[in-house]
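As a basis for the values below, the full set of heavy atoms in this structure was taken, side chains included, without hydrogen atoms, waters or symmetry mates. Both counts, for ligands and for their atoms, begin at 1 and track the order of listing.
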Amino acid sequence: MLSNSCDMLVFGGTGDLALRKLLPALYYLHRDSRLPRDTRIIALARSNHTPEAYKTLAERHCRAQVARADFSEDTWRSFAERLDYLSMDASQSADFGRLGKHLGNDQERIRVYYLATAPDLFEDIASHLKLAGLVNARARIVLEKPIGHSLESAQAINAGIGAVFDEPQVFRIDHYLGKETVQNLMALRFANALFEPVWRAGHIDHVQISVCETLGVENRGAYYDHAGAMRDMIQNHLLQLLCLVAMEPPVRFDAESVRNEKVKVLEALKPITGFDVRDKTVRGQYAAGKIGGQEVPAYYFEKNVDNDSDTETLVAVQAEIDNWRWTGVPFYLRTGKRLARKTSEILIQFKPVPHQLFGNGEANQLLIRLQPEERISLQLMAKNPGKGMHLQPVELDLNLADAFNKQRHWDAYERLLLDVIEGDSTLFMRRDEVEAAWQWIDPIIKGWQQHYQRPRPYAAGSSGPEQLQHLLERHGRKWIE
Ligand SMILES: NC(=O)C1=CN([C@@H]2O[C@H](COP(=O)(O)OP(=O)(O)OC[C@H]3O[C@@H](n4cnc5c(N)ncnc54)[C@H](OP(=O)(O)O)[C@@H]3O)[C@@H](O)[C@H]2O)C=CC1
Ligand SMILES: O=C1O[C@H](COP(=O)(O)O)[C@@H](O)[C@H](O)[C@H]1O
């Protein structure tokens with residue numbers, strides 16, 4: 001347990017992210033005695049709740065999110081003592097004076113400002129905090145993704161935040177980096193001598209990174225319809241995964257070394273511009289269909305979504321990295337909502353052996369699964385028992401939950417919130433990373449607009465539009481299913 005005392009201020013404390021993810025993560029950290037002893041958690045939003053009413057709201061959500069066996073009345077009561085709520089409008093400078101009085105004047109406390117609001121409030125909140133004298137060297141600010149909606153808007157936000165906070169005080173969160181298996185990817189690559197010699201263009205045919213969801217847009221239509229899958233998922237989560245697969249070994253496992261290597265990968269991404277978008281990208285939008293046997297509506301009938309929306313709910317991109325290690329190796333990225341199954345996985349497809357001694361080939365795959373279960377499996381060719389040399393793929397399978405005695409894995413937000421309190425930004429995005437990612441994304445979105453590439457419809461519960469398959473099939477490859 002840390003000795004410092006801490007104020008965790010959650011702007012947007014009544015929102016979906018705060019109630020569904022942040023408070024349950026804080027509940028677990030409290031239960032496991034990982035929070036500094038007199039941590040206060042102060043939720044902030046415009047809604048007019050009393051602190052007691054807010055605690056009731058928070059309890060309902062924590063009960064729903066925390067595993068039944070992990071929720072206890074006693075723990076809840078002690079957690080609720082940390083909780084507080086202040087109604088304020090974060091766009092109004094005057095309200096920050098009130099916030100300052102509410103917090104008191106203890107300059108020794110670590111103040112974490114978690115901005116779980118839309119990004120258009122980020123700059124205002126930072127400058128109002130400064131004006132109210134609420135930023136000192138112990139303050140930290142956490143920014144949720146996506147940061148902006150383009151390179152220009154991200155630069156403006158970063159500049160506004162940078163005018164108030166030094167870069168080491170800024171934590172740009174991407175919750176995928178808090179997932180255990182994602183960190184295990186670094187362990188796999190950099191703690192096992194086996195993989196490094198073959199982790200390169202000479203031995204790898206291609207890489208697939210897939211994040212497929214069964215969920216639709218839920219109650220986030222107002223945000224999502226302006227974002228789409230490219231800004232919501234590819235710009236951040238999938239590019240971060242790509243960086244971890246492709247980066248060079250960092251000199252040390254610390255924030256600057258790891259982030260230096262990731263940014264080099266982003267800067268080496270080959271631009272996809274103009275007509276390239278037709279060959280190298282696929283956009284889709286879910287139509288009505290069935291998920292788990294239940295009828296679900298088309299995207300454009302979802303709440304707060306325009307009936308004529310051409311926002312994509314699915315994207316696939318053939319990315320290429322122009323550097324010594326990766327030239328010529330396609331990285332296929334795909335993500336979509338309302339697909340047949342929820343899976344997040346990374347497939348490394350090695351090249352076939354140079355001479356097929358036994359006739360049938362294939363496999364030679366490393367599969368890193370992040371969801372639904374965390375596992376790493378190596379698909380090898382082995383001989384079928386009996387006469388002859390008939391080969392088939394078999395798995396060397398490591399289920400990480402079993403390997404670590406079914407210990408409860410921390411939720412990504414637990415890990416990342418604790419890192420913020422401890423001031424460790426290794427698993428957070430640096431300013432130049434976010435901007436390099438937008439630099440690559442912007443021309444693709446522009447290409448879609450210029451060439452009027454509307455999203456292809458796909459039935460909810462299916463595996464996406466047929467163009468998704470074509471992206472790989474024309475190169476003699478196929479998506480892992
Ligand atoms: N939900 C999720 O799963 C994820 C969300 N994110 C990001 O997190 C951020 C929040 O998302 P989400 O929780 O879904 O959004 P919501 O729309 O559910 O919540 C927005 C929150 O901001 C508050 N708010 C809005 N305007 C003001 C204001 N002027 N002053 C004070 N509070 C304000 C709202 O409360 P009130 O109206 O009462 O003021 C509400 O609490 C976004 O940037 C999103 O992209 C990132 C990853 C996942
Ligand atoms: O950031 C986001 O991530 C979720 C998917 O996260 P996961 O941990 O459940 O894989 C996605 O549903 C959401 O649209 C996006 O904003």
Side-chain angles (χ1 to χ4, degrees), residues 9-25 42-49 53-54 57-58 61 65 85-96 98-99 113-122 124-125 128 142-149 153-154 157 172-182 209-238 240-241 302-304 311-315 335-339 341-345 369-372 374 409 411-413 416:
L9 288 96
V10 182
F11 286 89
T14 55
D16 176 76
L17 178 72
L19 292 170
R20 218 166 36 85
K21 293 285 187 188
L22 304 181
L23 286 174
I42 303 147
L44 309 156
R46 291 167 304 180
S47 305
N48 210 3
H49 295 296
Y54 183 76
L57 177 72
H61 283 270
Q65 299 300 329
Y85 180 80
L86 183 69
S87 168
M88 64 177 281
D89 185 341
S91 66
Q92 300 301 314
S93 175
D95 283 12
F96 285 73
R98 220 158 35 85
L99 173 62
Y113 300 113
Y114 197 120
L115 308 199
T117 65
D120 52 11
L121 279 173
F122 290 0
D124 275 356
I125 295 177
H128 296 334
V142 186
L143 307 179
E144 262 298 342
K145 51 114 311 216
I147 296 184
H149 52 86
S153 56
I157 291 173
R172 296 178 191 82
I173 201 162
D174 182 314
H175 77 273
Y176 265 60
L177 296 179
K179 290 182 190 277
E180 282 290 335
T181 329
V182 175
I209 302 178
S210 306
V211 178
C212 303
E213 299 185 83
T214 49
L215 281 183
V217 70
E218 309 303 298
N219 55 2
R220 297 172 66 213
Y223 149 75
Y224 194 89
D225 207 33
H226 292 108
M230 190 60 137
R231 295 184 176 96
D232 186 49
M233 296 293 287
I234 302 268
Q235 192 274 343
N236 33 82
H237 303 324
L238 278 91
Q240 285 296 316
L241 296 179
E302 299 276 20
K303 200 170 130 205
N304 294 327
T311 298
E312 76 285 349
T313 59
L314 174 145
V315 182
T335 184
K337 291 198 180 284
R338 287 278 189 242
L339 290 170
R341 286 179 306 121
K342 178 175 171 72
T343 50
S344 303
E345 52 202 8
R369 178 164 285 168
L370 319 178
Q371 287 170 156
E374 301 186 305
H409 273 188
D411 177 76
Y413 280 100
L416 296 174

for atom 3 (O) of ligand 1, nearest protein heavy atom and its distance come out as Arg20 NH2, 2.9 Å
Near Asp89 (heavy-atom distance under 4.0 Å), the atoms of ligand 1 are 28 (C), 29 (N), 30 (N)
Atom 6 (O) of ligand 2 sits nearest the protein heavy atom His175 NE2, 3.2 Å
Ranked by distance from atom 16 (O) of ligand 2, the top protein heavy atom is Asp232 OD1, 2.7 Å
Regarding ligand 2, does Ser344 bring an N or O atom to under 3.5 Å of one of the ligand's N or O atoms? no
Are Asp225 and Thr311 close enough that a side-chain donor and a side-chain acceptor fall under 3.5 Å? yes
Exercise for the section: Without swapping roles, check the side chain of Arg338 against the backbone of Thr214 for a donor-acceptor pair under 3.5 Å. Expected result: yes
Would you say that His226 contacts Arg231 through its side chain, given a criterion of any heavy-atom pair below 4.5 Å between the two side chains? no
Is the backbone of Asn48 close enough, under 3.5 Å, to the side chain of Ser87 for a donor and an acceptor to pair up by distance?
no
*Parallel, tilted or perpendicular: which fits the ring planes of Tyr85 and His49, with parallel below 30° and perpendicular above 60°?*
perpendicular
Atom 47 (C) of ligand 1 has as its nearest protein heavy atom Glu144 OE1, 3.6 Å
among protein heavy atoms, the one nearest atom 13 (C) of ligand 2 is Arg220 NH1, 3.3 Å
If you scan protein heavy atoms around atom 12 (O) of ligand 2, the nearest is Glu213 OE1, 2.6 Å
The option among Ala90, Gly13, Ser87 carrying the non-hydrogen atom nearest to atom 31 (C) of ligand 1 is Ala90
Check your understanding: Hey, does the side chain of Tyr54 reach the backbone of Gly13 with a donor-acceptor pair shorter than 3.5 angstrom?
Key -> yes
Quiz item: Do any N or O atoms from the side chain of Glu312 and from the backbone of Met230 form a donor-acceptor pair under 3.5 angstrom?
Solution: yes
When Leu121, Leu44, Val142 are each screened for side chain to side chain contact (heavy atoms under 4.5 Å, CB included) with Phe11, the one that passes is Leu44
Nearest non-hydrogen protein atom to atom 10 (O) of ligand 2, with distance, is Tyr176 OH, 2.4 Å
Here the atoms of ligand 1 under 4.0 Å from any heavy atom belonging to Pro119 are 43 (O)
Self-check item: Residue pair Leu99 / His128, side-chain heavy-atom distance below 4.5 Å
Solution: no
for atom 23 (C) of ligand 1, nearest protein heavy atom and its distance come out as Gly12 CA, 3.7 Å
When distances are taken from atom 42 (C) of ligand 1, the protein heavy atom at minimum range is Thr117 O, 3.4 Å
closest protein heavy atom to atom 7 (C) of ligand 1 is Lys145 O, 3.5 Å
Nearest non-hydrogen protein atom to atom 12 (P) of ligand 1, with distance, is Leu17 N, 3.9 Å
> Is the shortest distance from a heavy atom of Pro146 to ligand 1 less than 4.0 Å?
Replying inline: yes
- request: Determine, using heavy atoms of Met88 and all atoms of ligand 1, whether some pair is separated by less than 4.0 Å.
  value: yes
Honestly, for Lys21 the part within reach of ligand 1 (heavy atoms, under 4.0 Å) is neither
So do Thr313 and Val217 actually touch side chain to side chain, heavy atoms under 4.5 Å?
no
Using side-chain heavy atoms (C-beta onward) and a distance below 4.5 Å, is Ser210 in contact with Thr335? no
Taking atom 17 (O) of ligand 1 as the reference point, report whether a protein heavy atom occurs under 4.0 Å from it. no
shortest atom 10 (C) of ligand 1-to-protein heavy-atom contact is with Ala116 O, 3.4 Å
(request) Answer with yes or no whether the side chains of Asp232 and Tyr223 bring together a donor and an acceptor at under 3.5 Å. (result) yes
heavy-atom search around atom 9 (O) of ligand 2 in the protein gives Lys342 NZ, 3.3 Å
The atoms of ligand 1 lying under 4.0 Å from a heavy atom of Gly15, numbered in the order shown, are 13 (O), 18 (O), 19 (O), 40 (C), 41 (O)
Assess whether salt bridge (Lys or Arg N to Asp or Glu O under 4.0 Å) is satisfied between Asp411 and Lys179, documenting all intermediate values. CA-CA 7 Å; Asp411 177 76; Lys179 290 182 190 277; over 6 Å; no
Note: ligand 1 atoms sitting under 4.0 Å from heavy atoms of Leu121 are 26 (N), 27 (C), 28 (C), 29 (N)
Near Ser47 (heavy-atom distance under 4.0 Å), the atoms of ligand 1 are 36 (P), 38 (O)
d(Asp95 CG, Met88 CE) to nearest 0.5 Å is 5.0 Å
For atom 15 (O) of ligand 1, the closest protein heavy atom turns out to be Asp16 N, 4.5 Å
Exercise. Could you tell me whether the side chains of Glu218 and Tyr224 share a donor-acceptor contact shorter than 3.5 Å?
Key: no
